Novice: 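Attaching a single structure in structure tokens format; questions to follow.
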Protein chains: 2
Amino acid sequence: MTEPTGRRERKKAQTRQSLADAALELFLERGYDQVGVKDVADRADVSVTTLFKHFSGKEALVFDEDDDQEAALVAAVRERTPGQSIPQALREHLLLGQSRFAVHAADPRFADFTRMVQETPALRDYAHRMWTRHEAALARAIAEAVGAPEDDVSCAALARFALESRSLIQRHPEPRRAADEAFALLEHGWAASHPAG
Amino acid sequence: MTEPTGRRERKKAQTRQSLADAALELFLERGYDQVGVKDVADRADVSVTTLFKHFSGKEALVFDEDDDQEAALVAAVRERTPGQSIPQALREHLLLGQSRFAVHAADPRFADFTRMVQETPALRDYAHRMWTRHEAALARAIAEAVGAPEDDVSCAALARFALESRSLIQRHPEPRRAADEAFALLEHGWAASHPAG
DNA sequence: GCCGAAAGTGTAGTCGTTGCACTTATTGAG
DNA sequence: CTCAATAAGTGCAACGACTACACTTTCGGC
């Protein structure tokens, strides 16, 4: 699967990993804002210049570059089980990620990590950005799925709202229930549950 | 109405205004990223230190601190015309701001300004932040209006989605139509307009 | 008139980030 | 095997946003 890479690429990957590890340790130890990129580079025994050759910025040190998240999102729409609505498919996709989450939730390291991300504005924002980056692709996928024009506003809105739901769900103590409510709103509308106003 | 200010406060306001003016001119002239805070301070004939006593950061130089936007948002929900739904009230509130927009759209200066904001990531993000900052207050207002618990997820979701709609609407060539579609989705749900998926 | 508060100044510093010129190691081709 | 191209890594100097500090000036209330 992950094959015959030369010594060069191996060393490169190793350096990258050292940096990521050093960053995570230090950030968890002292807190993100209390750690300088110099500290991270030092612990990884690497120069600051090298650090920035591997990561686009300080925040990127703690997030994996997941190029396939976009593909997974699009697939969730395109290959949803027949008869299932798009909002429902997206809700399930989100909960899947959420549960992959819960698996590791036992590991206290992981819990501390997500806590730190949520409490550090720079990291919170960065994570949100990485996630909502796929809005355009998702909007296109939805439009294609229902045969709407590529720039249809409803589709763009659904894409935006669905992606925004993630942080809504994540900060809730009971993610599944939160997801159900948020996506019920998207699916059936405000009027359905609040006829009064 | 807003008078009896001493010479002190007048000078302070004047300094602030000089800075805002200098910043706007320079940013429109050369582009946001091509201008340093030093340049702005120099043109306003003020030290950099003073600049930061008046503005929390470089981005804040071009935005008015509107403390009443939150109040207006809450009022739009609380004092909506009887029989009007909350999403509709919010749609109208957004379009009102949008039209106050259109009034000035004739001024080419203003058009250039908004173009610059949309094209400069730092400013786009800052504006978005300033706007969505009122999410919690809006969510509370909605919850109160329908008699739901203060932390109700549907209300929080509606607040988030309504606020997010703004940028969706703003980037659309036909704002009114975009607003209608986005808020129709919120009001009646995806299923209402897309029974197929 | 006096005194404290508040506006403004200059300097020096931190921190993230980049550019540059350089060394070193790996690789592929002849 | 050799050599040159390439890419990783280094150290230094710099830039730009921003802050801390110690200081001067200027109002405004008593």
Side-chain angles (χ1 to χ4, degrees), chain A residues 3-24 26-27 29-63 65 116 120-127 129-130, chain B residues 3-24 26-27 29-63 65 120-127 129:
Chain A
E3 321 83 53
T5 79
R7 188 210 251 57
R8 196 118 120 193
E9 312 197 18
R10 236 179 300 133
K11 286 217 95 177
K12 182 174 178 176
Q14 184 182 325
T15 302
R16 186 189 169 84
Q17 193 58 42
S18 299
L19 282 164
D21 291 348
L24 190 58
L26 285 171
F27 292 164
E29 247 173 55
R30 296 186 226 157
Y32 180 79
D33 292 315
Q34 287 19 270
V35 177
V37 294
K38 179 95 192 320
D39 302 330
V40 176
D42 282 353
R43 177 169 299 200
D45 200 31
V46 153
S47 77
V48 176
T49 311
T50 298
L51 185 154
F52 282 109
K53 286 247 177 67
H54 283 274
F55 296 92
S56 58
K58 190 184 176 188
E59 305 107 6
L61 281 162
V62 289
F63 293 105
E65 319 268 10
M116 178 186 73
T120 308
L123 292 179
R124 205 179 20 59
D125 289 3
Y126 184 83
R129 280 246 261 282
M130 288 298 97
Chain B
E3 292 94 71
T5 79
R7 186 206 252 60
R8 196 120 132 194
E9 313 197 16
R10 237 177 301 133
K11 286 219 95 179
K12 180 174 179 177
Q14 184 182 325
T15 301
R16 187 190 168 82
Q17 193 59 42
S18 299
L19 282 164
D21 291 347
L24 191 58
L26 285 171
F27 291 165
E29 247 173 55
R30 296 186 226 158
Y32 181 79
D33 293 315
Q34 287 18 271
V35 177
V37 294
K38 178 95 192 316
D39 302 329
V40 176
D42 282 353
R43 176 169 299 199
D45 201 31
V46 151
S47 77
V48 176
T49 312
T50 298
L51 185 153
F52 283 110
K53 286 246 176 69
H54 283 274
F55 296 91
S56 57
K58 190 185 176 187
E59 304 106 359
L61 281 163
V62 289
F63 293 105
E65 318 267 9
T120 309
L123 292 179
R124 205 180 19 61
D125 289 3
Y126 184 82
R129 282 246 262 279

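Note that the structure is predicted; figures quoted are calculated from it, not measured. Chain letters run A, B, ... following the sequence lines, proteins first and then strands; every chain starts at 1.
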Novice: Using whole Å, report how far CZ of A:Phe52 lies from P of D:dT10.
Specialist: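 Rounding to the nearest Å, CZ of A:Phe52 and P of D:dT10 are 14 Å apart.
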Novice: On DNA chain C, compare the nucleotides closest to B:Asp45 and B:Arg8; which residue's is nearer the 5' end?
Specialist: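 Closest to the 5' end, via its nearest nucleotide, is B:Arg8.
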Novice: What is the separation between atom NZ on B:Lys58 and atom C1' on C:dC15, rounded to the nearest whole Å?
Specialist: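 Between C1' of C:dC15 and NZ of B:Lys58: 17 Å.
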Novice: Looking across every strand, which nucleic acid part, if any, lies under 4.0 Å from A:Lys53 by heavy atom: base, sugar-phosphate, or nothing?
Specialist: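 Base contact.
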Novice: B:Lys12 has an atom NZ; how far is it from atom P of D:dG28, in whole Å?
Specialist: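 The answer, rounded to whole Å, is 13 Å.
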Novice: Calculate, to the nearest 0.5 Å, the distance between atoms CZ and CD belonging to A:Phe55 and A:Glu65 respectively.
Specialist: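 A:Phe55 atom CZ to A:Glu65 atom CD measures 7.5 Å (nearest 0.5 Å).
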Novice: Provide, to the nearest angstrom, the distance between the CD atom belonging to A:Gln34 and the P atom belonging to C:dC15.
Specialist: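 Rounded to whole Å, this separation is 10 Å.
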Novice: Go through the N and O atoms of the side chain of B:Thr49 and the base of C:dG8, and report whether any donor-acceptor pair is under 3.5 Å.
Specialist: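 Under the 3.5 Å cut-off, the side chain and the base do not form any donor-acceptor pair.
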Novice: Does A:His54 have a side-chain nitrogen or oxygen under 4.0 Å from the phosphate oxygens OP1 or OP2 of D:dG9?
Specialist: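 So the side-chain polar atoms of A:His54 do come within 4.0 Å of the phosphate oxygens OP1 or OP2 of D:dG9, strictly under.
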Novice: Round to the nearest Å and state the distance from A:Arg10 atom CZ to C:dT27 atom C1'.
Specialist: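 One finds 13 Å between C1' of C:dT27 and CZ of A:Arg10, rounded.
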Novice: Is there a side-chain contact between A:Ser47 and the phosphate of D:dT10, meaning an N or O under 4.0 Å from OP1 or OP2?
Specialist: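 The answer is yes; a side-chain N or O of A:Ser47 sits under 4.0 Å from OP1 or OP2.
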Novice: Taking the nucleotide of DNA chain D with the nearest heavy atom to each, does B:Lys11 or B:Val37 sit closer to the 5' end?
Specialist: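 Result of the comparison: B:Val37.
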Novice: Could you walk me through whether B:Val37 and B:Phe52 pass side chain to side chain contact (heavy atoms under 4.5 Å, CB included), step by step?
Specialist: CA-CA 9 Å; B:Val37 294; B:Phe52 283 110; 4.1 Å; yes
Novice: Over how many whole Å does the gap from B:Gln14 atom CD to C:dA7 atom P extend?
Specialist: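 Whole-Å distance recorded here is 14 Å.
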Novice: Describe the nucleic acid contact of A:Val48 in one word from base, sugar-phosphate, nothing, applying a heavy-atom distance below 4.0 Å.
Specialist: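 Base contact.
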Novice: Applying a 4.0 Å non-hydrogen cut-off, can you work out what B:Val35 is touching in the nucleic acid: base, sugar-phosphate, or nothing?
Specialist: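 B:Val35: backbone/sugar contact only, no base atoms under 4.0 Å.
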Novice: Write down the distance between CG (A:Leu51) and C1' (D:dG9), rounded to a whole number of angstrom.
Specialist: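 After rounding, the reported distance stands at 12 Å.
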Novice: Kindly indicate whether a cation-pi arrangement holds for B:Lys58 with B:Tyr32, taking the cut-offs as under 6.0 Å to the six-membered ring centre and within 45° of the axis.
Specialist: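 Here B:Lys58 passes the 6.0 Å and 45° test against B:Tyr32.
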Novice: Does B:Gly36 offer a backbone N or O that forms a donor-acceptor pair with the side chain of B:Asp39 under 3.5 Å?
Specialist: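 The answer is yes, because a donor-acceptor pair under 3.5 Å joins these two groups.
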Novice: Any side-chain heavy-atom pair from B:Gln34 and B:Glu29 closer than 4.5 angstrom?
Specialist: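 A side-chain contact is absent here, since even the closest heavy-atom pair is not under 4.5 Å.
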Novice: Give the nucleotide from the list D:dG28, C:dG8, C:dT17 with an atom nearest to the side chain of B:Arg7.
Specialist: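 For the B:Arg7 side chain, the nearest candidate turns out to be D:dG28.
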Novice: Could you state the atom-to-atom distance from CG of B:Asp42 to C1' of C:dG10 in whole Å?
Specialist: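 Result: 13 Å.
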